[in-house]
2 protein chains.
Amino acid sequence: MSDKVSIVFAALADPTRRTILSMLLEDDMAVTDVAHPFQMSLAAISKHLGILATAGLITQEKRGRVKWCKLEPDALREASIWMQGFGQFDRIDLDAFERFLETELSPPADHTP
Amino acid sequence: MSDKVSIVFAALADPTRRTILSMLLEDDMAVTDVAHPFQMSLAAISKHLGILATAGLITQEKRGRVKWCKLEPDALREASIWMQGFGQFDRIDLDAFERFLETELSPPADHTP
DNA sequence: GGCATATTCAACCATTTGGTTGACGGTTTG
DNA sequence: CAAACCGTCAACCAAATGGTTGAATATGCC
């Protein structure tokens with residue numbers, strides 16, 4: 001599961017991590033403060049933050065003994081593009097897109113209904 | 001991890017499943033035809049399709065001995081709304097979407113995990 | 001009826017995931 | 001210096017994930 005989009009979606013698939021991202025929408029936070037509202041251990045939150053950082057969804061910068069977590073919404077861009085292409089494809093030029101698929105891409109197996 | 005958005009994101013976190021969704025953009029497909037481009041077993045693809053169906057991303061209808069798979073893009077709406085809460089991605093970048101599908105779709109063997 | 005096709009089920013396996021606890025290394029403060 | 005604080009590391013655990021194989025269940029065709 002090494003491609004970038006997979007890593008981002010996997011990071012978003014956990015409600016704890018999505019909540020953390022929502023918290024960071026308001027402001028940068030220290031690891032301890034991120035962990036405070038949750039019932040789980042600090043180490044568990046630290047792992048979640050590591051996963052979010054690996055996905056590029058946050059960056060972490062240590063100042064003094066405090067490590068600050070900052071939301072990086074640009075990391076959502078590719079995944080968001082992927083989703084919107086599907087989720088709202090009736091609002092874009094689907095015919096043109098299907099022509100593109102037929103001409104530019106190698107077609108998968110034949111599947112006449 | 002039982003909430004709906006988590007299940008959708010988890011379903012999208014696998015490149016095989018995203019490729020299947022891309023294939024279904026073009027047309028409904030039978031399970032066997034979905035499986036054909038992949039190097040894994042039919043049973044594995046059947047499981048992936050089950051996960052996509054559980055997430056609501058596809059529906060499956062059996063006609064005769066063939067089970068047809070149909071894309072259900074509406075299932076992406078909640079997850080997409082969640083992402084848009086992070087702003088700046090409210091416009092569809094179709095060119096970027098097409099480039100994405102191209103890298104994800106061709107050649108099919110490249111994204112078998 | 002009998003055989004081929006389409007798909008799933010069941011059991012199994014290796015790896016990953018999400019959590020815990022306790023020890024540990026930096027950093028600040030008294 | 002010593003004590004308190006911030007955060008991670010290491011080892012462990014249960015459960016989930018993604019894959020395999022072989023048997024089983026439907027359905028269609030001759």
Side-chain angles (χ1 to χ4, degrees), chain A residues 1-3 5-21 23-24 28-55 57-70 108-113, chain B residues 1-21 23-24 28-55 57-70 108-109 111-113:
Chain A
M1 200 216 318
S2 55
D3 71 290
V5 179
S6 295
I7 291 173
V8 168
F9 277 135
L12 296 178
D14 185 283
T16 299
R17 291 194 288 265
R18 289 200 310 281
T19 301
I20 290 172
L21 293 178
M23 291 162 62
L24 292 176
D28 298 356
M29 294 180 78
V31 172
T32 303
D33 294 333
V34 169
H36 188 252
F38 297 96
Q39 302 294 88
M40 67 188 73
S41 69
L42 180 62
I45 296 295
S46 180
K47 280 191 188 180
H48 280 305
L49 290 170
I51 290 168
L52 290 171
T54 297
L57 292 164
I58 67 169
T59 48
Q60 293 179 292
E61 180 199 357
K62 190 168 182 181
R63 288 202 297 270
R65 59 181 172 183
V66 175
K67 199 166 185 178
W68 293 92
C69 304
K70 174 175 167 48
D110 187 42
H111 51 271
T112 34
Chain B
M1 204 207 311
S2 56
D3 71 290
K4 204 170 158 185
V5 178
S6 295
I7 290 174
V8 168
F9 278 134
L12 296 178
D14 186 282
T16 299
R17 290 195 288 266
R18 287 201 311 281
T19 301
I20 291 173
L21 294 177
M23 292 161 62
L24 292 175
D28 298 354
M29 293 179 80
V31 172
T32 303
D33 293 333
V34 169
H36 187 253
F38 297 96
Q39 287 171 333
M40 68 189 72
S41 69
L42 182 61
I45 295 295
S46 181
K47 281 190 187 180
H48 280 304
L49 290 170
I51 290 168
L52 290 171
T54 298
L57 291 164
I58 67 168
T59 49
Q60 293 179 291
E61 180 199 357
K62 191 168 182 181
R63 288 202 299 271
R65 60 181 170 179
V66 175
K67 199 165 185 179
W68 293 93
C69 305
K70 176 176 167 49
H111 37 71
T112 44

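Just so it is clear: chains get the letters A, B, ... in the order the sequence lines come, proteins before strands, and each one is counted from 1. Heavy atoms only: backbone and side chains are in, while hydrogens, waters and symmetry mates are out.
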>> Between B:D3 and A:R18, does any NZ, NE, NH1 or NH2 come within less than 4.0 Å of an OD or OE carboxylate oxygen?
In response: yes
> Within this structure, what is the CE-to-P distance between B:M40 and D:dG19, rounded to whole angstrom?
Replying inline: 4 Å
>> In whole Å, I'd like the distance from the CG atom of A:D14 to the C1' atom of C:dG18.
In response: 8 Å
>> Just the rounded figure in Å: distance from P of C:dG18 to CD1 of A:I20.
In response: 11 Å
> Counting just side-chain N and O atoms, does A:R65 come under 4.0 Å of either OP1 or OP2 of C:dG25?
Replying inline: no
>> Please evaluate residues B:I45 and B:T32 with respect to the criterion side-chain contact (heavy atoms from CB on, under 4.5 Å), reporting the C-alpha separation (whole Å), side-chain torsions for both, the decisive distance (0.1 Å), and the verdict.
In response: CA-CA 9 Å; B:I45 295 295; B:T32 303; over 6 Å; no
> Does B:I45 or A:Q39 map to a spot on DNA chain C nearer the 5' end, using the closest nucleotide for each?
Replying inline: B:I45
> Going from CD on B:E61 to NZ on B:K67, what distance comes out if it is rounded to the nearest 0.5 angstrom?
Replying inline: 11.0 Å
> A:K62 NZ to C:dT27 P: how many Å, rounded?
Replying inline: 5 Å
>> From the set D:dG18, C:dA6, D:dT8, return the single nucleotide nearest to any side-chain atom of B:V66.
In response: C:dA6
> In whole angstroms, how far is the P atom of D:dT8 from the CG atom of A:L49?
Replying inline: 7 Å
> How close or far is atom P of C:dT7 from atom CE of B:M29, stated in whole angstroms?
Replying inline: 11 Å
> From A:L49 CG over to A:L24 CG, what is the distance, rounded to the nearest 0.5 angstrom?
Replying inline: 7.5 Å
> Given D:dG19, is OP1 or OP2 found less than 4.0 Å from the side-chain N or O atoms of B:S41?
Replying inline: no
> Would one find a side-chain N or O of B:H48 under 4.0 angstrom from OP1 or OP2 of D:dT17?
Replying inline: no
>> Check this for me: does the side-chain of B:K47 come within 3.5 Å of the base of D:dG19 through a donor and an acceptor?
In response: yes
> Can you find a side chain N or O atom of A:S46 that sits less than 4.0 Å from OP1 or OP2 on D:dT8?
Replying inline: yes
> If you check every side-chain atom of B:K67, which of C:dT8, C:dT20, D:dG19 has the closest atom?
Replying inline: C:dT8
> To the nearest Å, how far apart are B:L42 CG and C:dT8 P?
Replying inline: 8 Å
> Among D:dG7, D:dT8, C:dT8, which is the nearest nucleotide to the side chain of A:T32?
Replying inline: D:dG7
> Can you tell which of C:dG18, C:dG22, C:dG19 lies closest to the side chain of A:R17?
Replying inline: C:dG18
> Rounded to the nearest 0.5 Å, how far does CD1 of B:I58 lie from NE2 of B:H48?
Replying inline: 12.0 Å
>> Could you tell me how far apart A:I51 (CD1) and C:dG18 (C1') are, to the nearest whole angstrom?
In response: 8 Å
